[in-house]
S.K.: 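Mind having a look at this structure? Questions to follow.
As the structure lists them, so they are numbered: ligands from 1, and atoms in each ligand from 1.
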Amino acid sequence: MWESIDHIFKSSSEDTETMKQLFGYFLIAGGFVFAIVLGVTFYILRKFKVSDHSKQHFDTHESHKVEYLTIGFASVLVVSFLVLAIGAINKIQTPIPEGKEPDIIITGHQWWWEINYPSEGVVAANELHIPIEKRLLVRLESKDVIHDWYVPALGRKMDMIPGQSNYVWMQALEPGHYDGACNEYCGAQHAWMRILVVAHEQNEYEKWLADQKKKASIPQTALQKKGAKIFQDKVCSNCHAIQGTGAVAGIGPDLTHLGSRETLLGGKLRNGPGSLKDWLRDPQKVKPGAHMPDFLFTEEELNALTAYLYNLK
Ligand code: CUA
């Protein structure tokens, strides 16, 4: 049982450890108060049990002792919670050192995440790759409505508000995959605004970063070349960017390394030629409400586009 509880509150950062500890204190204190209230209730029920109302009579009187005890106990409890909570907040939301630029900028869109590594010139979407151990400063923004960043294992949650920059610290102590999701209702596909965070050992992270810095893969086969042409000639390049090609628009996700991602559409689909093709064939069927129109591609065009896009590793 304890392992499964531990899984729910899995933490991989010093900050979540602090929050977990605070939650533990609150739970213990809450349980203690609950036990006292329950105990007193049963005590009173037993002591003043009346079987025949006409025969029994109890004298009631005011008790200052009980009043002071209750007020005193409640005050001590509330004040200690306040002190503990302020201590935890100070530990988690440490001030940003002067002149410190964010390591990562994450922008919420309906319904996907844009991920920027400003000092590296890398843009990605829907999957966040980070190095372990380092405490990263993340700037959160929104392009449309209010979203909310939350990856429970890696730190606190924070609203993403249009026209305002919010900051959080993020840290993963262990390498691995961490799930998160948008935590503010933001429209039809709010439920499919998931985020996958992949934490790497430093050298693996650098390798990933080096791959992301490369320009888009050049189409090799005739089918891929045809797909590239459709991408440029049809409307795809009006919304999406592919580094190293003429496509530079920033309305939809950057697709430069689309084929290297594990998931598509904010976690809705596992990445693969089949799911990519399904999406291109009928976006509104796969993710209703998404801002990707149906372009009525022919089967041949679908095959070519899928081959081109999936090759972008
Ligand atoms: Cu974005 Cu809910």
S.K.: When you measure from atom 1 (Cu) of ligand 1 to the N, O or S atoms of Cys182, does any of those distances fall below 2.8 Å?
M.R.: yes

S.K.: From the N, O or S atoms in His147, identify the one nearest to atom 1 (Cu) of ligand 1.
M.R.: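 The His147 atom nearest to atom 1 (Cu) of ligand 1, restricting to N, O or S, is ND1.
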
S.K.: How about Met193: does one of its N, O or S atoms come closer than 2.8 Å to atom 1 (Cu) of ligand 1?
M.R.: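 Coordinating: yes.
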
S.K.: Relative to atom 2 (Cu) of ligand 1, which of the N, O or S atoms in His190 is the closest?
M.R.: ND1

S.K.: Do any pairs count as a side-chain hydrogen bond (donor to acceptor under 3.5 Å, both in side chains) and have a residue in residues 178-195, sequence neighbours left out, and if so which ones?
M.R.: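 Pairs touching residues 178-195 that pass the test: Ser12-Tyr178.
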
S.K.: Determine whether the side chains of Gln202 and Glu206 contain a donor N or O and an acceptor N or O closer than 3.5 Å.
M.R.: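 Gln202 vs Glu206: donor-acceptor pair found between side chains.
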
S.K.: N/O/S atom of Glu184 under 2.8 Å from atom 2 (Cu) of ligand 1, yes or no?
M.R.: yes

S.K.: Quick one: do the His129 and Gln212 side chains pair a donor with an acceptor below 3.5 Å?
M.R.: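 Absent: no donor and acceptor within the cut-off.
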
S.K.: Give a yes or no on this: more than 12 heavy atoms of other residues, nucleotides or ligands lie within 6.0 Å of atom CD1 of Ile218.
M.R.: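 No - once you tally the heavy atoms of other residues, nucleotides and ligands closer than 6.0 Å, there are 12 at most.
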
S.K.: Got a sec: does the NZ of Lys91 have more than 12 other heavy atoms crowding it under 6.0 Å?
M.R.: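 No.
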
